[in-house]
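We use all heavy atoms of the structure for the numbers below, so side chains are in, but hydrogens, waters and symmetry mates are not.
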Amino acid sequence: MALTDPTGEAGATERLRARAEHFTGDDEVLAAARVRATEHGIVPIGPGACAALTFLASATRARSVVEIGSGAGLGTVSLLRGMPREGLLTSIDCEAPHQGLARQACLEGGFAPGRVRMITGRALDVLPRLSDSGYDLVLVDALTVEYPRYLEEAVRLLRPGGVVALDNVLWTGRVSDQVRREAISSALRETVRAVRADERLAPLLLPVSDGLLCASLLS
């Protein structure tokens, strides 16, 4: 009887993941933003996660969106592409230069400045000032060790049927410092446990890019 080759199965799985990751791929706008992210030491959202964000924004017809962490604008552009024309995206980042890169990406993508409200500041200081149940979608792509607190705020902000998406939850451990690496891993484990245990949420983990954890707020 022939035995299954685990190595072969693993290789096939990785090939499928790679195909899914680049199923749509970056266009010129996202590719340029990705280059700028690398130049400025920013870890950008992967192509698969970008495609997923556009899909989620479109599927939920998200008119009011919050982005925690602007990066170099890849997530910003991806969300705007799925939102209705009248939609408004609120992007929060404590790094003004990152917001400048995001603005550049939005302009290159053909989006008017009025489509995005940029707020410069620490997310955990800004989020409590946003309205309860006032948003259709929240993207979390910021300081990983604060993900559990971002999740709490995101659920508060969502309308019933709204979606929170957290990037990098299958974190590959790019940080060399052992203490910081353990803090990040611990925060991600806590976040995943909280999403799975919360009876208000319908969770979904998408194995695209570095892991996109999604959850819909049940009615």
Side-chain angles (χ1 to χ4, degrees), residues 21-22 24-57 62 65-83 87-111 113 115-127 130 135 137-147 149-151 153-154 157 163-175 180 184 187-188 191 206 208-214:
E21 178 67 13
H22 299 284
T24 55
D26 290 339
D27 62 5
E28 292 182 1
V29 173
L30 293 181
R34 196 173 299 283
V35 170
R36 289 192 291 268
T38 301
E39 292 173 347
H40 288 79
I42 300 169
V43 179
I45 297 178
C50 284
L53 292 175
T54 300
F55 174 86
L56 289 172
V65 174
V66 174
E67 176 187 48
I68 304 172
S70 59
L74 283 96
T76 318
V77 169
S78 298
L79 289 166
L80 287 169
R81 285 176 169 173
M83 295 168 62
L88 175 66
L89 189 150
T90 299
S91 184
I92 305 167
D93 202 304
C94 60
E95 297 286 348
H98 294 184
Q99 292 180 320
L101 295 175
R103 287 192 185 95
Q104 181 178 351
C106 290
L107 288 174
E108 291 176 356
F111 299 103
R115 293 290 309 278
V116 181
R117 175 177 63 161
M118 294 280 185
I119 301 178
T120 305
R122 182 170 174 263
L124 291 176
D125 294 331
V126 175
L127 290 169
L130 302 183
Y135 297 88
L137 197 157
V138 179
L139 168 63
V140 179
D141 184 35
L143 191 59
T144 319
V145 294
E146 294 184 344
Y147 267 33
R149 297 179 68 187
Y150 294 152
L151 175 64
E153 290 292 332
L157 295 176
V163 171
V164 57
L166 302 102
D167 193 34
N168 292 323
V169 295
L170 298 179
W171 183 69
T172 53
R174 289 179 289 264
V175 178
R180 186 180 171 204
I184 291 172
L188 290 176
T191 303
L206 298 175
V208 293
S209 303
D210 214 5
L212 190 69
L213 177 61
C214 305

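The nearest pair of heavy atoms linking Gly75 to Leu139 is CA-CD2, 4.4 Å. Contact between Ala31 and Asp26 at its shortest, heavy atoms only, is N-CB, 3.8 Å. A pairwise comparison of heavy atoms in Ala105 and Val29 identifies O-CG1, 3.7 Å as the closest pair. Between Ala52 and Leu212, the closest heavy-atom pair is CB-CD2, 3.7 Å. Counting all heavy atoms, side chain and backbone alike, Ala154 lies closest to Val164 at CB-CG2, 3.7 Å.
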Legend entry - Verdict with reasoning, Val140 to Leu151, per side chain to side chain contact (heavy atoms under 4.5 Å, CB included): CA-CA 8 Å; Val140 179; Leu151 175 64; over 6 Å; no
Inset, instruction - Just do the side chain to side chain contact (heavy atoms under 4.5 Å, CB included) check on Leu53 and Glu67 with the steps written out, would you? - result: CA-CA 11 Å; Leu53 292 175; Glu67 176 187 48; over 6 Å; no
Inset, instruction - Take Tyr147 and Ile184 through the test side chain to side chain contact (heavy atoms under 4.5 Å, CB included) and record every step on the way to the result. - result: CA-CA 9 Å; Tyr147 267 33; Ile184 291 172; over 6 Å; no
Inset, instruction - Walk me through it: do Ile92 and Leu130 pass the test side chain to side chain contact (heavy atoms under 4.5 Å, CB included)? - result: CA-CA 11 Å; Ile92 305 167; Leu130 302 183; 4.2 Å; yes
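Rounded to the nearest 0.5 angstrom, Leu56 CG and Leu206 CG are separated by 7.0 Å. Rounded to the nearest 0.5 Å, atoms OG1 (Thr90) and CD1 (Ile68) are 11.0 Å apart. Here the CG-NE2 distance, from Leu101 to His40, works out to 5.0 Å after rounding to the nearest 0.5 Å. Atoms CG and CG, from Leu188 and Leu213 in turn, are 9.5 Å apart once rounded to the nearest 0.5 Å. One finds the OG1 atom of Thr76 at 12.0 Å from the NE2 atom of His98 (value rounded to the nearest 0.5 Å).
Judged by distance alone, with hydrogens and angles left aside, the side-chain atoms of Tyr135 form no donor-acceptor pair with the main-chain N or O of Ala62 at under 3.5 Å. Judged by distance alone, with hydrogens and angles left aside, the side-chain atoms of Thr54 form no donor-acceptor pair with the main-chain N or O of Gly82 at under 3.5 Å.
The salt bridge (charged side-chain N to carboxylate O under 4.0 Å, His left out) analysis of residues 88-109, with sequence neighbours excluded, yields the pairs Arg36-Glu108.
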Taking only distance into account, with no hydrogens and no angle test, what donor-acceptor pairs under 3.5 Å do side-chain atoms of residues 42-50 form with protein atoms, sequence neighbours excluded?
none

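At least one side-chain heavy atom of Leu127 sits less than 4.5 Å from a side-chain heavy atom of Val66. Counting heavy atoms from C-beta outward, Arg81 and Leu30 have side chains that approach closer than 4.5 Å.
Legend: residues meeting side chain to side chain donor-acceptor pair (under 3.5 Å) with Arg115, ordered by chain and number and at least two apart, are absent.
Side-chain contact, Ser91 with Gln99: no donor N or O sits under 3.5 Å from an acceptor N or O.
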